[in-house]
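These notes concern the structure reproduced below.
The basis for the numbers below is simple: all heavy atoms, side chains too, and nothing from hydrogens, waters or symmetry mates. Remember, predicted model here, so these are calculated numbers, not experimental data.
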Amino acid sequence: MAKLATSLNPDFMIPNLIRDFGEAMLNLSAQEQQGFVRNFVKHLPGAMKGSMQALAGGGGNHPPGSPPRRYIDAFNEFDKAGGRIRFFGIDEPDQVERSAERKLKRLDGGPVNTIKDIADKAAKAIEIAGGGLENATRLAAYMAARDAGMSIDDSAMLARNLTVDFNKKGELGGAISALYMFANAGIQGQARMVKALGSSRVWAAVGALAAAAALSASFS
């Protein structure tokens, strides 16, 4: 149900990117480095394209040092350092086994298996697009952190904790999520916001957003 509402739902991608961008802007406001937020915004368009190309296995056609290749290489570096979020966490061993068994059965061919292969390719394309957008804000933050002189590991951790980390959950996370869908995302989002509010810069950004919302409501 969670996958149908998110990674397999094309209508989820853009609203999710907008939410991630807003949350990232608030969280990055707590950074003390000069120009951090500006560099984050500058890198975001290239990060969106580079993330999707990297997830699709592309990049070979771009010459080294070119702008597209720069973002693909940065994605691979940030992924290797642990900054990437696998949208719905790491599969359990039994899930991996079942997936392998299903793919082996597809080798038998036949019209039903052909239809399943087409459906899998379509779902994979949607997941690449969704995963690229999900990691785009993190990649842009990673590159902004590297521009500010932070180490690869520190930049990756900043990017990973920028918004909700779907791979992070407590011992009871699975049970809670089974009872209440997206409970993990809701809990992490509130915890992350409370932590960010420790910065006066974040309070200023929240105040500006509240004023804009009030102004918008007064003219509606």
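- Of all the heavy atoms in Leu133 and Met52, the pair that sits closest is CD2-CE, 4.2 Å.
- By the side-chain hydrogen bond (donor to acceptor under 3.5 Å, both in side chains) test, Asp154 is found to be paired with Ser151, residues two or more places apart in sequence or in another chain being considered.
- Distance check: Leu162 CG to Leu139 CG gives 11.5 Å after rounding to the nearest 0.5 Å.
- Considering every non-hydrogen atom in both Met48 and Ala136, the closest pair reads CG-CB, 3.5 Å.
- No single ILVMFWY cluster, assembled from side-chain heavy atoms under 4.5 Å apart, contains both Phe36 and Met157.
- In Lys42, the NZ atom is crowded: over 12 heavy atoms of neighbouring residues, nucleotides or ligands sit closer than 6.0 Å.
- In this structure, the side chain of Arg146 engages the main chain of Met150 through a donor-acceptor pair within 3.5 Å.
- Of all non-hydrogen atoms in Ser155 and Ala145, the two that sit nearest each other are OG-CB, 3.3 Å.
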Open item on the list: The test is side chain to side chain contact (heavy atoms under 4.5 Å, CB included); show your working for Asn135 and Phe78 and say whether it passes.
Closed with: CA-CA 10 Å; Asn135 283 283; Phe78 135 97; 4.0 Å; yes
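- Taking both residues in full, the closest heavy atoms of Ile152 and Tyr142 are given as CG2-OH, 3.5 Å, listed atom of the first, atom of the second, then distance.
- When all heavy atoms of Gly50 and Ile72 are compared, the closest pair comes out as O-CG1, 3.9 Å.
- Using modelled atom types, no side-chain atom of Arg84 and backbone atom of Lys80 make a donor-acceptor pair closer than 3.5 Å.
- Between Asp147 and Asn39, the closest heavy-atom pair is CB-ND2, 4.0 Å.
- Ring geometry for Tyr71 versus His43: interplanar angle over 60°, hence perpendicular rather than tilted (30 to 60°).
- A distance of 10.5 Å separates CZ in Phe40 from CZ in Arg138, rounded to the nearest 0.5 Å.
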